[in-house]
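Side chains included, hydrogens not; waters and symmetry mates left out as well; all remaining heavy atoms used. Numbers for residues simply follow the sequence, beginning at 1. When a ligand or atom number is given, it counts from 1 through the structure's own listing order.
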Amino acid sequence: MQGLMMDVPLMISSLIRHADRCHSDTEIVSRTVEGPVHRYTYHDAHVRSRQLARALSRLGVHNADRVGTLAWNGYRHFELYYAVSGMGAIVHTINPRLFHEQLVYIVGDAEDRIVFFDLTFTALVEKPAAACTGVKHWVAMTDRAHRPQAAIPGLLCYEDLIAGESDDFDWPEFDENTASALCYTSGTTGKPKGVLFSHRSTLLHAYAISLPDTKGLSASSSVLTIVPMFHVNAWGIPYAAALVGCKLVFPGGALDGASLYRLIEAEAVDSTSAVPTVWMNLINYMQQNKLRFSTLKHTTIGGAACPPAMIRTLSDEFGLRVMHGWGMTEMSPVGTINAPKGKHRGLPADARFQLSLKQGRPLYGVEMKVVDFEGRELPRDGKSAGNVVVRGPWVLRRYFKEAGGNPLTPDGWLPTGDVGTIDADGYLQITDRSKDVIKSGGEWISSIELENIAVGHPSVNEAAVIGIRHPKWDERPLLIVVKRPGADLTKEALLAFYEGKIAKWWLPDDVVFVDELPHTATGKLSKLTLREQFKDYQLPGC
Ligand code: ADP
């Protein structure tokens with residue numbers, strides 16, 4: 001017997017329509033590329049998204065067509081999210097820090113028909129535009145006054161495009177499993193692969209990340225989206241914000257410590273999310289200038305392991321509630337978030353702190369287990385480390401165009417490429433990426449754990465550990481460090497800092513001091529680049 005409830009499909013357009021009806025005057029604030037801060041409301045965003053949907057139809061965009069974006073977090077990008085998906089097409093957010101060849105490859109693979117770009121990326125677009133023959137129009141996301149003078153075929157300007165359109169547009173209703181957005185993984189191994197989200201997966205994910213033990217979003221929050229909208233849909237915030245009706249603040253391209261601090265204070269931001277590198281710069285800026293937050297209460301940190309020293313500083317010095325989270329593009333992206341349970345209330349401060357270092361519990365909707373090399377499930381004892389595999393309604397089943405074949409295990413789970421443990425309370429702790437773990441004498445050394453200890457040293461700003469070939473042990477750890485400005489630190493002093501914190505055989509074989517470490521386009525340490533840079537490195541005694 002079937003249930004007798006309505007079969008209303010979960011549509012992305014229903015989010016913006018809801019926000020317009022119930023939160024019409026709630027603000028969306030954007031720092032723009034052109035300069036001034038732009039302010040409007042959910043009502044305005046809904047009107048302009050419908051104008052844009054009409055304009056796109058006029059340009060010949062049909063169901064399932066891909067529309068690319070090369071843009072920072074801002075109100076026009078937000079409108080594109082809703083207009084493109086809402087009309088039944090697919091918004092393809094492109095990472096603007098890609099190289100020329102990668103850009104041409106991704107635009108071609110996605111078969112983008114139109115690409116929208118922020119003025120910052122005019123030069124980036126100018127070169128590949130001619131090579132991207134499938135793209136009919138390139139649209140500069142600006143007004144006529146700022147329209148770039150560039151040799152780009154089919155160049156249009158965003159404000160001109162929507163100016164003549166009415167907002168008389170009814171969002172169509174269709175199957176909720178229809179594709180809504182496309183995002184390529186960074187392709188650290190092999191070619192980038194497209195992850196294709198659906199309306200249904202996006203809405204379920206948006207519900208889950210709004211819950212109190214996740215982002216805890218509400219109509220009374222002011223939320224700053226630091227994570228770029230080209231990095232897995234800003235971790236889903238642009239959707240969840242419309243779902244709950246919170247004030248939304250977009251930082252544009254200014255992600256340095258000073259700009260972020262000023263924006264947080266000016267817009268009374270109380271909640272944000274960012275990768276550790278962004279927080280590192282913001283903390284440095286605030287410490288150098290002896291600043292404090294007056295409204296910020298909460299941050300989610302993920303995308304890479306958050307060092308314990310950072311969680312300590314943010315909670316003890318800046319009074320923030322830090323929630324460590326884990327996920328990946330293939331998971332829309334949120335898989336786990338760390339929030340304590342009722343039974344943890346009585347725990348001594350240090351035990352609570354230790355718990356907060358883990359990557360957290362799976363959100364309802366994500367199933368997770370750790371397995372050995374034969375795929376056998378390992379105990380949930382917080383000790384048995386294995387490959388983390390996941391399943392759920394917002395987890396990838398196949399890559400776009402079936403790239404790479406079937407990524408799932410025979411019993412239908414997605415291997416994440418991460419190694420970790422799960423404890424009896426369901427908390428996941430990532431020990432490493434399987435390709436970053438250091439394989440020494442048949443045993444594994446966690447690069448994350450060695451990095452976390454190094455950045456706990458007061459003279460260390462940032463640290464990375466990679467495995468270097470070793471004739472006897474196969475691989476041994478090399479520690480690469482950026483000192484804090486003016487710090488006086490020797491290799492011996494840093495290695496002595498590890499004493500008593502790890503097994504002796506985990507101690508890095510050598511330390512190299514560098515001025516800066518390479519980062520990926522999404523702000524994570526690029527171990528791939530480091531491995532390339534240090535591929536001929538000679539460890540002492542080898
Ligand atoms: P990429 O880094 O390849 O661009 P993603 O942004 O999808 O792709 O990153 C997903 C990966 O980032 C995860 O598989 C994991 O290795 C790493 N990651 C994300 N969050 C955390 C975390 N809190 N701790 C450790 N690693 C993390």
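Taking any N or O of G325, backbone or side chain, at least one lies under 3.5 Å from an N or O belonging to ligand 1. Close N/O approach between E330 and ligand 1 is not found [any backbone or side-chain N/O within under 3.5 Å]. Close N/O approach between G303 and ligand 1 is found [any backbone or side-chain N/O within under 3.5 Å]. Considering backbone and side-chain N/O atoms, K524 comes within less than 3.5 Å of an N/O atom of ligand 1.
Counting heavy atoms under 4.0 Å from ligand 1, residue P333 does not touch it at all.
With a 4.5 Å cut-off on side-chain heavy atoms, V419 and W444 count as touching.
Within the structure, the closest approach of M331 to ligand 1 does not fall below 4.0 Å when heavy atoms are considered. A heavy-atom separation below 4.0 Å is not found between C306 and ligand 1.
Interface atoms of ligand 1 facing M328, defined by a heavy-atom separation under 4.0 Å, are 7 (O), 10 (C). For ligand 1, the atoms lying closer than 4.0 Å to a non-hydrogen atom of Q359 are 22 (C), 23 (N), 24 (N), 25 (C).
Ion pairing between a basic and an acidic side chain is recognised when a charged N comes within 4.0 Å of a carboxylate O; D474 and R469 show such pairing. Between D213 and R361, at least one side-chain nitrogen of the basic residue sits less than 4.0 Å from a carboxylate oxygen of the acidic one, meeting the salt-bridge criterion.
Within a 6.0 Å sphere centred on CH2 of W506, heavy atoms belonging to other residues, nucleotides or ligands number more than 12. Counting non-hydrogen atoms of other residues, nucleotides and ligands closer than 6.0 Å to OH of Y207 gives a total of 12 or fewer.
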